[in-house]
Amino acid sequence: MEFFTTDLDGVTRMEPGAVDRLDILTSVEEAVEADYPEVYLTSGKGIVLGYRRGGILLWEEEGQVLRTLGGISPAKAAEAWTLLAGGEVEALQALPWKPWRATGERS
């Protein structure tokens, strides 16, 4: 499955390997002065998994956040990214996601 990542500097990498994906995720926690401390993996299926400082994983489709997972380490986020990169959407859906309200707050 085709996918790409976007790092803190907005640089896109086409299909980086697992080690590079973990490095991108880890950079979020290390970059304390980043204006937008989020990184993304975008799949060819239109699903985007964002990872935000503080251990928040976001599931987006068509520019809308639909679900979140909190308390996620970069290593756990890497596991989710690997599921999406491998096209394992059903396994990804099985994670304990919380719905995202239209106001942008978790429920």
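Being a predicted model, the structure only gives us computed values, none of them experimental. One is the number of the first residue; the rest follow in order along the sequence.
- One distance of note links OG1 of T5 with OH of Y40; it measures 12.5 Å at 0.5 Å rounding.
- The heavy-atom pair separating F3 from A85 by the smallest distance is CE2-CB, 3.5 Å.
- For the pair L22 and V19, the minimum side-chain heavy-atom distance is 4.5 Å or more.
- In this structure the side chain of W59 never reaches within 4.5 angstrom of the side chain of V65, judged on heavy atoms.
- Separation of atoms CD (E88) and CG (L92) is listed at 9.5 Å; rounding is to 0.5 Å.
- Residue Q93 holds its CD atom at 11.0 Å from CG of L83, rounded to the nearest 0.5 Å.
- When the side chains of ILVMFWY residues are joined at heavy-atom separations under 4.5 Å, either directly or via intervening members, L41 and L8 end up in a single hydrophobic cluster.
- Nearest heavy-atom pair, S73 versus Y51, reported as atom, atom and distance to 0.1 Å: C-OH, 3.5 Å.
- Linking Ile, Leu, Val, Met, Phe, Trp and Tyr residues whenever their side-chain heavy atoms come within less than 4.5 Å leaves L69 and V48 in two separate clusters.
- Between R21 and T82, the side chains place a donor N or O and an acceptor N or O closer than 3.5 Å (distance only, hydrogens not considered).
- Nearest approach of V28 to P37, heavy atoms of both residues: CG1-O, 3.5 Å.
- Heavy-atom minimum distance, W81 versus L49: NE1-O, 3.3 Å.
- E2 contributes no side-chain N or O that, together with a main-chain N or O of S43, makes up a donor-acceptor pair within less than 3.5 Å.
- R13 and D7 are not joined by a salt bridge, as no carboxylate oxygen comes within less than 4.0 angstrom of a charged side-chain nitrogen.
- Listed here is the closest heavy atom pair of P74 and E29: CG-CG, 4.1 Å.
- Distance CG/L95 to CD1/I72: 7.5 Å, rounded to 0.5 Å.
- V39 and F4 are assigned to two separate hydrophobic clusters, defined by single-linkage of ILVMFWY side chains at heavy-atom distances under 4.5 Å.
- Here the straight-line distance linking atom OG1 of T6 with atom CD1 of I24 works out to 8.5 Å at 0.5 Å rounding.
- Judged as a salt bridge (Lys or Arg N to Asp or Glu O under 4.0 Å), the pairs with a partner in residues 52-69 (not counting sequence neighbours) are, in order, E38-R52.
- In the hydrophobic clustering of ILVMFWY residues, with side-chain heavy atoms under 4.5 Å counting as a link, L66 and L84 come out together.
- Hydrophobic cluster membership is shared by I56 and W100, with clusters built from Ile, Leu, Val, Met, Phe, Trp and Tyr side chains linked at under 4.5 angstrom.
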